[in-house]
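None of these values were measured; they are calculated from a predicted model.
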Amino acid sequence: MKISEKKVVALTYTLTVDGQVADQTTEDRPLDFIFGMGYLLPKFEENIAGKEPGDSFEFTLTPAEGYGEHNPDMIVELPKHVFEVDGKIQEGLLTVGNMIPMMNQQGGVMHGKVHEVKDNSVMMNFNHPMAGKTLNFTGKILTVRDATEQELKEGLHGEFKQSSCGGGCSSCGGDCCGGCN
C-alpha cells in the first residue's frame, strides 16, 4: 500500500542539522501519523508521498520549507511580573536557555526560550528551535495502512478527542484537570 491521504504511516528517520544528529526514531519506537492531516511539515509529507513499506528516503528541507527563517521580531521583552505565580517567580525558572510554555493573546500555548534576564524584564525568543536551520532527513517506511474512522475523528493517539467537559475548560467554567462542576 502506498502513502496517500488518510493512511497511517509508521517510519524511522534521522534528522541531521549542522552535521549533528538532532532527532531520530527507531524501528522499536517509530514515528507514526496520519498522512495529510497536518501532523508533519508539508514538505516532509511531499517527500514521502507514494512510498511503500520498505522504501528508504533521503531529502533536505531548507529553512523556508521547515520551520522558517529566524525572525528577530520573535524575540520580545516581557516584564518579569508575567512570570510570577502567587506573587513569586519559581526559583531557576528565569535561566538563560530554559524553555517556558506561555499563553498568547488568543489563548494558545507558545514555547519561548529565555534569551536574556534583565533587572525588571526578560528577553524571550519565540522562534522555533529549528528556525533558520537546514533539515537533512534519512529514513525508511515501515508500514502503511488505512486509518480507521475513529482515528480520523479522534486522531491516531486521541489528540482530537473532546474533553469530558464538552470541548475544553471554558465550556464548563471548571478546572478540566479536576473535571467539570
Side-chain angles (χ1 to χ4, degrees), residues 9 11-26 29-49 57-139 155-163 165 167-171 175-178:
V9 178
L11 57 81
T12 63
Y13 73 86
T14 299
L15 168 60
T16 306
V17 177
D18 299 329
Q20 301 291 318
V21 173
D23 193 19
Q24 69 184 114
T25 63
T26 63
R29 296 182 153 254
L31 171 65
D32 57 351
F33 62 97
I34 302 173
F35 188 87
M37 293 190 62
Y39 285 86
L40 302 180
L41 294 167
K43 284 289 188 178
F44 186 103
E45 286 196 356
E46 188 177 303
N47 277 282
I48 63 168
F57 59 86
E58 183 173 350
F59 57 88
T60 298
L61 301 182
T62 65
E65 295 168 327
Y67 294 99
E69 297 293 342
H70 186 270
N71 182 350
D73 292 337
M74 296 292 284
I75 300 174
V76 297
E77 189 167 3
L78 300 172
K80 270 191 178 175
H81 71 81
V82 302
F83 298 93
E84 292 178 0
V85 175
D86 297 327
K88 295 182 180 177
I89 297 173
Q90 178 184 351
E91 188 174 329
L93 179 68
L94 300 181
T95 302
V96 173
N98 271 5
M99 293 295 288
I100 302 174
M102 301 186 76
M103 196 79 69
N104 65 18
Q105 293 174 335
Q106 293 77 33
V109 176
M110 295 181 65
H111 293 275
K113 186 175 186 177
V114 178
H115 187 70
E116 180 182 353
V117 180
K118 299 180 178 183
D119 289 339
N120 297 311
S121 63
V122 178
M123 300 298 293
M124 294 292 294
N125 183 348
F126 289 99
N127 282 290
H128 188 282
M130 292 290 171
K133 305 284 186 181
T134 298
L135 310 175
N136 301 289
F137 289 96
T138 59
L156 188 60
H157 302 287
E159 58 274 12
F160 301 145
K161 254 184 167 172
Q162 293 293 318
S163 75
C165 294
C169 296
S170 62
S171 68
D175 173 9
C176 283
C177 296

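- Annotation: ring pair (Phe, Tyr, Trp, His ring centres under 6.0 Å) contacts involving residues 61-104, sequence neighbours excluded, comprise Y67-H128.
- The closest side-chain heavy-atom distance from L41 to E65 is not below 4.5 Å.
- Nearest heavy atoms, F160 versus M37: CE1-CE, 3.6 Å.
- Residues forming a side chain to side chain contact (heavy atoms under 4.5 Å, CB included) with E69 (at least two apart in sequence, or on another chain): P63.
- E58 meets the side chain to side chain contact (heavy atoms under 4.5 Å, CB included) test with T138; sequence neighbours excluded.
- Put simply, the side chain of L135 does not reach to within 4.5 Å of the side chain of F44, judged on heavy atoms.
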Contacts under 3.5 angstrom, residues 95-108 side chains, donor-acceptor by atom type, not counting sequence neighbours:
residue : atom : partner : partner atom : Å
T95     : OG1  : G92     : O            : 2.8
N98     : ND2  : G92     : O            : 2.9
N98     : ND2  : L93     : O            : 2.9
N104    : OD1  : Q106    : N            : 3.0
N104    : OD1  : G107    : N            : 3.0
N104    : OD1  : G108    : N            : 2.7

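- Heavy-atom minimum distance, D73 versus N71: N-OD1, 2.8 Å.
- Residues passing the side chain to side chain donor-acceptor pair (under 3.5 Å) test with K43 are E46, sequence neighbours excluded.
- With sequence neighbours excluded, the residues that form a side chain to side chain donor-acceptor pair (under 3.5 Å) with K133 are D18.
- Shortest non-hydrogen contact noted between F57 and L11 is CZ-CD1, 4.2 Å.
- Residues N136 and T60 share a closest heavy-atom pair of OD1-OG1, 2.8 Å.
- Atom CD of E159 is surrounded by more than 12 heavy atoms from other residues, nucleotides or ligands within 6.0 Å.
- Side-chain atoms of D119 and K80, non-hydrogen and from C-beta on, never get closer than 4.5 Å to each other.
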